Trainee: 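Mind looking over this structure? Questions follow.
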Amino acid sequence: MSRKPYVRQMSKTSWFLTHSRYKHYILHEVTCIFIAIYAVILIFGLFRLGQGPEAWQGWLDGLRSPLGVIFQILAFGFAMIHTWSWFKVVPQAMRIQRGESFVPGNLIIGAHYGVLAIISLFVLILAGVA
Amino acid sequence: MSTRTITIEVLRYRPEQDQEPFFQSYTVPCDEDWVVLDALNYIKDELDRTLSYRWSCHMFVCGSCGIVVDGEPKLGCKAFVKDYGDKIRVEPLGNFPIERDLVVVIDDFIEKLESVNPYLIPKEEKSIDDGEYLQTPAQLKAFKQYSMCINCLLCYSACPQYGLDPSFVGPAALALAHRYNMDSRDVGRKAREDVVASHEGIWECSFVGACSQVCPKDVDPAGAIQQTKITSAIDYVTSFLPGGNR
């Protein structure tokens, strides 16, 4: 008897709506767009700094405008989601074996948050905020 | 023992008469300790002997009874009916062609599994008279988790990357390659590299992590793939250093 296997096609545009774990994945991927836009704004700031005090002040005013503030709050929120979702899976990629056991995943995640806190504090001190 | 009457909706596909799959409902009196596989066996024995599905051990060792239960890839023998409502939807594993009913075509996976050389490649062959290849408990621990795979293919069913691009070598095969790469008795990493470190290998994985979430043996294929990415990236960078092969 001849075979006739049936292939079910997966939607290339809406597959991630089929399960909550795929929605979480897409959320964690999409959040990087806001981080990328924020990075471009920062680089643009350096460019404006090079053009002189007025250009720099214009860039600062842009950031302080209502639209600028709303974007930064959004970008900060998404950066936090991005951080949380990546730190959560670090122990899978970073297995540290000591003898016959492995360093607990929570310790590795905790260390990442610790380093994040130290770097953030350093940046805030550098910026004269803390 | 109490029983509960459950409607089991099974995705049927009979290639000799059906153009496409369809759901068929069966009313099954389930004992409280039954698993979905028991319900399928009841259907087969008492209601409809034309239903096709794979199973063997009934104790999550053989890896034969992988199915999708209410949208989630599961072993039929590990999905307890008490954890579900009065209607349970059973489908064949996703991302594989359906041969018949719940039986899928797994030839693609078998080819990929073979392509990663999933066996020990020792530095030098020893005769039996020379004794065992010795290994410490710590060296065993380094790869043991990745040796627990039973090839049930739930990970392939859950992996959207494999669904979108079937050329992806996929979670179980890459996890098994990692299992041998991590084995102190093995020197076959270079022999596996062409397949494992290729675009269709580890670099096709975008770390959705679904494979590890559905794995019934806690193998963590997603972790194995990310660890291989790190090793492969270090190999690439060091190849440019003095003494490297570039």
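Each chain gets a letter, A, B and so on, in the order its sequence line appears, and its residues count up from 1. Just so it is clear, the model here is predicted, and its values are computed rather than measured.
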Trainee: Need one label for A/F16: side chain, backbone, both or neither, based on atoms under 4.5 Å from any heavy atom in chain B.
Mentor: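 A/F16 has no heavy atom closer than 4.5 Å to chain B.
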Trainee: Can you tell me how far apart CZ (A/R95) and CD (B/Q145) are? Round to the nearest 0.5 Å.
Mentor: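 Reported to 0.5 Å precision, the distance equals 5.0 Å.
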Trainee: Dump the intermediate steps for side chain to side chain contact (heavy atoms under 4.5 Å, CB included) on A/M94 and B/Q226, then the final yes or no.
Mentor: CA-CA 8 Å; A/M94 192 183 198; B/Q226 309 324 307; over 6 Å; no
Trainee: Tell me, with the steps shown, if A/R3 and B/V105 meet side chain to side chain contact (heavy atoms under 4.5 Å, CB included).
Mentor: CA-CA 11 Å; A/R3 292 171 59 186; B/V105 183; 3.7 Å; yes
Trainee: Taking NZ, NE, NH1 and NH2 as the nitrogens, is one of them in A/E100 or B/K144 under 4.0 Å from a carboxylate oxygen of the other?
Mentor: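 Between B/K144 and A/E100 there is no salt bridge, as every charged N stays at least 4.0 Å from the carboxylate O atoms.
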Trainee: Under a 4.5 Å heavy-atom cut-off, does chain B meet the side chain of A/Y6, its backbone, both or neither?
Mentor: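 Contact with chain B involves both backbone and side-chain atoms of A/Y6.
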Trainee: More than 12 heavy atoms of other residues, nucleotides or ligands under 6.0 Å from CZ of A/F122: yes or no?
Mentor: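 Incorrect, the count does not exceed 12.
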Trainee: Tell me, yes or no, whether the heavy-atom count around A/W15 atom CH2, taken from other residues, nucleotides or ligands under 6.0 Å, exceeds 12.
Mentor: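 More than 12 heavy atoms, drawn from other residues, nucleotides or ligands, come within 6.0 Å of this atom.
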Trainee: I'd like to verify something: which residue of B/A158, B/S212, B/G71, B/G94 has the highest number of heavy-atom pairs under 4.5 Å with chain A?
Mentor: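 Ranked by heavy-atom pairs under 4.5 Å with chain A, first place is B/A158.
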Trainee: So for atom CG, which belongs to A/L67, do other residues, nucleotides or ligands contribute more than 12 heavy atoms lying within a distance under 6.0 Å?
Mentor: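 Not more than 12 within 6.0 Å, no.
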Trainee: Identify which of A/M10, A/K12, A/R8, A/Q97 forms the greatest number of heavy-atom pairs closer than 4.5 Å to chain B.
Mentor: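 So the answer, after comparing A/M10, A/K12, A/R8, A/Q97, is A/R8.
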Trainee: Can you say whether B/V208 sits under 4.5 Å from chain A via the side chain, the backbone, both, or neither, judging by heavy atoms?
Mentor: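 Both backbone and side chain.
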Trainee: If I compare all heavy atoms of B/C159 with all of A/Y22, which pair ends up nearest, and what's the gap?
Mentor: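 Scanning both residues completely, I find the closest heavy atoms to be N-OH, 4.5 Å.
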Trainee: A/K4 side chain to B/Q19 main-chain N or O, any donor-acceptor pair under 3.5 Å?
Mentor: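 A pair under 3.5 Å: no.
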Trainee: More than 12 heavy atoms of other residues, nucleotides or ligands under 6.0 Å from NE2 of A/H19: is that the case?
Mentor: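 Yes, the 6.0 Å shell around NE2 holds more than 12 heavy atoms from other groups.
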Trainee: Would a distance-only check, ignoring hydrogens and angles, find a side-chain to backbone donor-acceptor pair under 3.5 Å from B/Q227 to A/Q92?
Mentor: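 The answer is yes, because a donor-acceptor pair under 3.5 Å joins these two groups.
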Trainee: Counting only heavy atoms closer than 4.5 Å, note whether B/T136 contacts chain A via side chain, backbone, both or neither.
Mentor: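 The answer is neither part of B/T136.
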Trainee: Do you know which two heavy atoms are closest between A/Y25 and B/S206, and how far apart they sit?
Mentor: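 Taking A/Y25 first and B/S206 second, the nearest heavy atoms are OH-OG, 2.8 Å.
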Trainee: CZ of A/F47: more than 12 outside heavy atoms within 6.0 angstrom?
Mentor: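 Atom CZ in A/F47 is not crowded, with 12 or fewer foreign heavy atoms closer than 6.0 Å.
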Trainee: Determine whether more than 12 heavy atoms belonging to other residues, nucleotides or ligands lie under 6.0 Å from atom OH of B/Y26.
Mentor: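 Yes, OH of B/Y26 has more than 12 neighbouring heavy atoms, counting only those of other groups under 6.0 Å.
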Trainee: Based on non-hydrogen pairs under 4.5 Å, which of B/P137, B/G163, B/P160, B/P97 is most in contact with chain A?
Mentor: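 The residue among B/P137, B/G163, B/P160, B/P97 with the greatest pair count is B/P160.
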Trainee: Can you confirm whether B/K141 is buried at NZ, in the sense that more than 12 heavy atoms of other residues, nucleotides or ligands lie under 6.0 Å from that atom?
Mentor: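 Atom NZ in B/K141 is not packed in, count stays at 12 or less.
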Trainee: So do the side chains of B/F207 and A/E29 get within less than 4.5 Å of each other, counting heavy atoms only?
Mentor: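 They are not in contact (no side-chain heavy atoms under 4.5 Å apart), so the answer is no.
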Trainee: Select one option (side chain, backbone, both, neither) describing which atoms of B/I230 are under 4.5 Å from chain A's heavy atoms.
Mentor: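 Only the side chain of B/I230 comes within 4.5 Å of chain A.
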Trainee: Take a 6.0 Å sphere around CZ of B/F22 and say whether it holds more than 12 heavy atoms from other residues, nucleotides or ligands.
Mentor: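 Yes.
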